Amino acid sequence: MKGFPKRIKVDNGPEFISKDLDRWAYWNKVELDFSRPGTPSDNAFIEAFNSRFRQECLNEHWFLSLEDAQTKIEAWRIEYNSERPHSALNYQTPDEFINRIEQQTTSAA
């Protein structure tokens, strides 16, 4: 399960309506699926993630440069995906969950 997703569900915030994101999605054949304006319930999972990302990363750090922001956000991403169990994944990390799915898929083939 490496590579790019086929589709990304996004809201209509300024970070998701940029020409750069649109260009990236186009070149990587990723569909941007925009939620309806004013309906955060259309995408409860990403709303919960965005809230957690804001509380635990963006509100916790001052970013002194783009490189500093990339370093701090990457550290948070690694911790979130590799070290922190998630109750929605039966208390596995996302990396453990994906590895388990890949192993099941490989052994079933």
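All values reported here derive from a predicted model rather than from experimental measurement. Reckoned from all heavy atoms, side chains included, excluding hydrogens, waters and symmetry mates.
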### Message
Give me the atom names and distance for the closest heavy-atom approach of Ser107 to Gln104.
### Response
OG-O, 3.2 Å

### Task
Tell me who clusters with Trp27, hydrophobic residues only, linked when side chains sit under 4.5 Å apart either directly or through other members.
Tyr26

Gap between atom [atom2] of [Y] and atom [atom1] of [X] - 0.5 Å precision:
X     : Y     : atom1 : atom2 : value
Trp62 : Asp68 : CH2   : CG    : 12.5 Å
Leu32 : Arg7  : CG    : CZ    : 11.0 Å
Tyr91 : Glu96 : OH    : CD    : 14.0 Å
Lys9  : Glu31 : NZ    : CD    : 9.5 Å

### Task
Taking atom CD of Glu74 as the centre, report whether more than 12 heavy atoms of other residues, nucleotides or ligands fall under 6.0 Å from it.
yes

#### Entry: Verdict with supporting geometry, Ser35 and Val10, side chain to side chain contact (heavy atoms under 4.5 Å, CB included)
CA-CA 6 Å; Ser35 61; Val10 296; over 6 Å; no

Strictly distance-based, threshold 3.5 Å: is any side-chain N or O of [X] a donor or acceptor partner for the main-chain N or O of [Y]?
X      : Y      : result
His86  : Tyr80  : yes
Asp22  : Ser18  : no
Gln55  : Arg52  : no
Thr105 : Ile101 : yes

### Query
Would you say the side chain of Gln92 lies within less than 4.5 Å of the side chain of Arg100, judging by non-hydrogen atoms?
yes

### Query
Do the side chains of Pro94 and Asn81 get nearer than 4.5 Å, heavy atoms only?
yes

### Query
Mind checking whether Ile78 and Leu58 sit in one hydrophobic cluster, side chains of I, L, V, M, F, W, Y counted as touching below 4.5 Å?
no

### Message
I need the full list of salt bridge (Lys or Arg N to Asp or Glu O under 4.0 Å) pairs touching residues 82-92, with sequence neighbours left out, sorted by first then second residue.
### Response
Glu56-Arg84, Glu79-Arg84

### side chain to side chain contact (heavy atoms under 4.5 Å, CB included) between Thr93 and Ser82, worked out
CA-CA 6 Å; Thr93 68; Ser82 302; 5.7 Å; no

### Query
Given the rule in the side chain to side chain contact (heavy atoms under 4.5 Å, CB included) test, do Trp24 and Val30 qualify, once you have shown the distances and angles that lead to the verdict?
CA-CA 8 Å; Trp24 174 89; Val30 175; 4.0 Å; yes

### Query
When the aromatic ring centroids of Phe63 and Trp76 are compared, is their separation below 6.0 Å?
no

